Structure formats: C-alpha cells, structure tokens
Amino acid sequence: MHWVEGNKSLKDKNTFGFDVSSRYYFALRDPWYIKDLEDVVSISNQFMVLGGGSNVVFTQHYNGVIIHNQLQGVKLEKETDRYAWVRVGGGVNWHSFVMHCLAQGWGGVENLALIPGNVGAAPIQNIGAYGVECKDVMVSLKAHDLLDNKSLVLNNEDCMFRYRDSIFKNELKGRTLIHEVTFKLTKNNHIINASYGGILEHLDFKNISQPTIQDIAQAVVEIRQAKLPDPNKIGNAGSFFKNPVIPKEKFNHLKERYPDLPGYGAAQTDSIKVPAGWLIDRAGWKGKTYGKVGVYKNQALVLVNHGEGNGQEILSLSSDIIEDIYDQYGIQLEREVNII
Ligand code: EPU
C-alpha cells in the first residue's frame, strides 16, 4: 500500500519527545480513507491509534502499524437560541478547538484550555481540569472499530465516563479510532465554573468579579503555565498518575499523621480523592532528576524528559515512585498515561 510509510520516526509525534520509530505508519487525513483502515490494519499483527501523542510513553520502537488520526474540521451542526451543537474532527488540536469556541462565543470548554492532545482522545480518558470534564459537554461521537471493521455511534451514556476513564479504556480498549466528536455548547447565559483549583483567587487578584468565558480560559492558561511544563520545551505527558481514590476511613487515618493532606469527595460518598501530586511532593520527589529524566519542579504529578531521556527511564522512575508511595502511605498509584 503506497500510502503506508515504513520506519517512521515518532520523535515529533509524542510529547515526551522520545526518539523511537514505527515499523509502519499511516496518516488518516480524510474520512474518505476510513474505508481503507481494514487493509491498513492487516499489514501487521499489531496496530495502535495515535492522536496528539500527549498521553503515551514509548518504551521501545513500535513493531506494528501506527494509525495517526489527523482528521480536521469544526462544523456547526445545529443551533437553538441558547445552544450550539458542534462537530469536530478527531485530529483537531484540543486547545485550538477551545480557542475557536471562545472566538465564536461558545461556552463549556473554557476550563479545559491548554490541555495538550487532540479532540479524538478527549473522550478516551475523559479529559478534565478545573472542575469540568469532557463528559459534561460531549453529546455523541463517531468511531471506527478496527477489529470488527465497523462504524460505531456512541452517545454520552454509552461512553461510560468516569474519572479519567471510559469504555475506550475498558471494553473498547485499543481497537477504536474516534473520528468525530459532537459537543453541546452554550451561546449565552454561560455557566461559569470558577470555584475550582485557584481560579477564584486568580480572578480576585486581577480584580475580575463577573468573569466571562474568556476570563476563565485566560485564568486557566495562566495557572497551567505556572505549574505545568510546556511540552515544546520540556518533554512530558501532563499528569503521569491518576489521583487515587481511597476509603474515607483510610483518609481519616492518614490525616492524623499528615494533618494538611488535601482530599476531595462528596459528603455522601465513602471515598475520598487524594492528590497524587501532594503525596509525591511530600515524599520528597519533586524537582529530582534521575539521569536524563525527572519529576517536574512545580508539579510533582508530572514526569519530564530533560533531553535525551527514554521511555525505559521514565517507566523505571515511575515504578520507583509507585513503590515509595505505597511504602509511605499504603496507597497504590495508577499510571494515567499509556505505556507502549
Ligand atoms: N500539590 C502539591 N504538590 C505538587 C502538586 C500538587 O502539594 O507538586 C497539591 C496542590 O497544592 C493541591 C493539590 O495537590 O492542593 C491538587 O493540585 P492541582 O490543583 O495542581 O491538581 P492535580 O490534582 O495535581 C488535576 C489533574 C490535572 C488538572 C488539574 C486541575 C489529574 C490526574 N490531574 O491535577 O490534569 O489540570 O487537576 O484541574 O486528575 C492531566 O490530566 O494531564 C492534568 C494536568
């Protein structure tokens, strides 16, 4: 197949910047070629779909075929006085989509500004930040099941969204290409979500008392830029671990030893979400360098590639952190990124 490339470098296709390559590589740039995916998949005994490469750790060269979702397009599907339904190609960069929404005056995704990666990956791990998740704005999506070679249409409920989790990390794991996602956004009377993660303090500091969706996005961008490394400068994949959810009893027990341990959870639930960044920071890992990789200096949840590091080094650093956090707090951390 002439459009499948061989031995393709993935260095600029993963935000850690690891210097690996793929045995075969297919860039899907037009929905017309979805029909060819069956042939593309059949050239090797393994395949994977790649989006923005911002949630993946390549620990070695990939010996199968990479299908790179580059499907573009943002279309207004329908609208009422209050809402806009917007259909977005899976290969659209997430942050440019957020910026496009702000320019059109559409509200709903402003808290998710500056999240790396592409629109097609947003439902997979139900991306979230500052009190908003993909599940709050997504209506439906179109996907292609690469194993059964059939089209799928899933609505919000079908996706089985939970914290950083969906059907695409479970029953449909590793077999679907999400080619189009539809979001329902507000055109006016926007729901302003400013109560989470320092946004209010940031707006106060700037003397903004009636924030617009643009103010929220700007605040989120400034907070993220202060805490999180820019992958164009320092290779990283955002939060490397999920925030663990532990039983309330265990939380209360830990709180006796660590009175300033933060925890989030609805009053009626029996479990509490604890920030992994706090646990790792308190365990002394923040800002530490190990060979060519390390733990970011401003946010301990983020592992970084200082230059010539590789996926094996990141994997082994993350295993050491998991072991140490278990020893210190009895909490088992789970990786949020995909290890290949
Ligand atoms: N903290 C520390 N030390 C650190 C990092 C955090 O003490 O090194 C404490 C903070 O002081 C705060 C708490 O931990 O009390 C939470 O920190 P933060 O607000 O930075 O959020 P997070 O829980 O570490 C999550 C998401 C981020 C998202 C932010 C904001 C996960 C795994 N991560 O991080 O998502 O941007 O909330 O909503 O849920 C991503 O998934 O890639 C990502 C960046």
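Atoms within a ligand are numbered from 1 in the order they appear, just like the ligands themselves. Note that the structure is predicted; figures quoted are calculated from it, not measured.
- For atom 1 (N) of ligand 1, the nearest protein heavy atom (residue, atom name, distance) is Trp278 N, 3.8 Å.
- Residue Lys255 qualifies as enclosed at atom NZ: its count of foreign heavy atoms under 6.0 Å is above 12.
- The only option from Tyr62, Tyr25, Tyr33, Tyr24 that meets the ring pair (Phe, Tyr, Trp, His ring centres under 6.0 Å) definition with His68 turns out to be Tyr25.
- Atom 11 (O) of ligand 1 is not flagged as protein-proximal [any protein heavy atom, distance under 4.0 Å].
- Protein heavy atom nearest atom 24 (O) of ligand 1, with residue, atom name and distance: Gln299 NE2, 3.0 Å.
- Checked by atom type, the side-chain pair Gln218/Gln214 shows no donor-acceptor distance below 3.5 Å.
- Nearest protein heavy-atom contact of atom 35 (O) of ligand 1 is Arg164 NH2, 2.9 Å.
- Ser42 and Asp39 share no donor-acceptor pair across their side chains, judged by distance under 3.5 Å alone.
- Against a heavy-atom cut-off of under 4.0 Å, Lys286 is close to the following atoms of ligand 1: 3 (N), 4 (C), 8 (O).
- The single protein non-hydrogen atom nearest to atom 39 (O) of ligand 1 is Tyr163 OH, 2.7 Å, given as residue, atom name and distance.
- Heavy-atom contacts from other residues, nucleotides or ligands closer than 6.0 Å to NZ of Lys286 number more than 12.
- Ligand 1 has an N or O atom lying under 3.5 Å from an N or O atom of Ala300, backbone or side chain.
- Residue contact check: Glu336 has heavy atoms under 4.0 Å from atoms 32 (C), 41 (O) of ligand 1.
- Of the protein's non-hydrogen atoms, Lys227 NZ, 3.4 Å is the one closest to atom 19 (O) of ligand 1.
- If you check which protein heavy atom lies closest to atom 40 (C) of ligand 1, you get Ser239 OG, 3.0 Å.
- Under a cut-off of 6.0 angstrom, the local environment of OH in Tyr326 is sparse, with at most 12 non-hydrogen atoms contributed by other residues, nucleotides or ligands.
- Not a single donor-acceptor pair under 3.5 Å links the side chain of Asn69 to the backbone N or O of Leu177.
- Here is the list of ligand 1 atoms found below 4.0 Å of a heavy atom in Asp281: 2 (C), 3 (N), 4 (C), 7 (O), 8 (O).
- In this structure, atom 43 (C) of ligand 1 has a protein heavy-atom contact shorter than 4.0 Å.
- For the pair Asn298 and ligand 1, the shortest N or O to N or O distance does not fall below 3.5 Å.
- Within the set Gly287, Ala129, Gly131, the minimum heavy-atom distance to atom 28 (C) of ligand 1 is found for Ala129.
- In this structure, Trp94 has its ring center under 6.0 Å from that of Phe183.
- No more than 12 heavy-atom neighbours from other residues, nucleotides or ligands sit within 6.0 angstrom of CD on Glu249.
- Nearest protein neighbour of atom 14 (O) of ligand 1, counting heavy atoms only, is Pro275 CB, 3.3 Å.
- Between Arg224 and ligand 1 there is a heavy-atom distance shorter than 4.0 Å.
- In the vicinity of Phe241, heavy-atom distances shorter than 4.0 Å reach the ligand 1 atoms 32 (C).
- Under a cutoff of 6.0 Å and an axis angle of 45°, Lys135 and Phe161 do not form a cation-pi pair.
- Remark: the backbone N or O of Trp32 is paired with a side-chain donor or acceptor of Asp30 at under 3.5 angstrom.
- Assignment of Tyr264 to the shell around ligand 1 is supported, since a heavy atom sits closer than 4.0 Å.
- Given atom 37 (O) of ligand 1, the protein heavy atom at minimum distance is Tyr196 OH, 4.0 Å.
- Per-residue contacts place Gly238 under 4.0 angstrom from the following atoms of ligand 1 (heavy atoms of the residue considered): 42 (O).
- Environment of NZ in Lys35: crowded, with over 12 heavy atoms of neighbouring residues, nucleotides or ligands closer than 6.0 Å.
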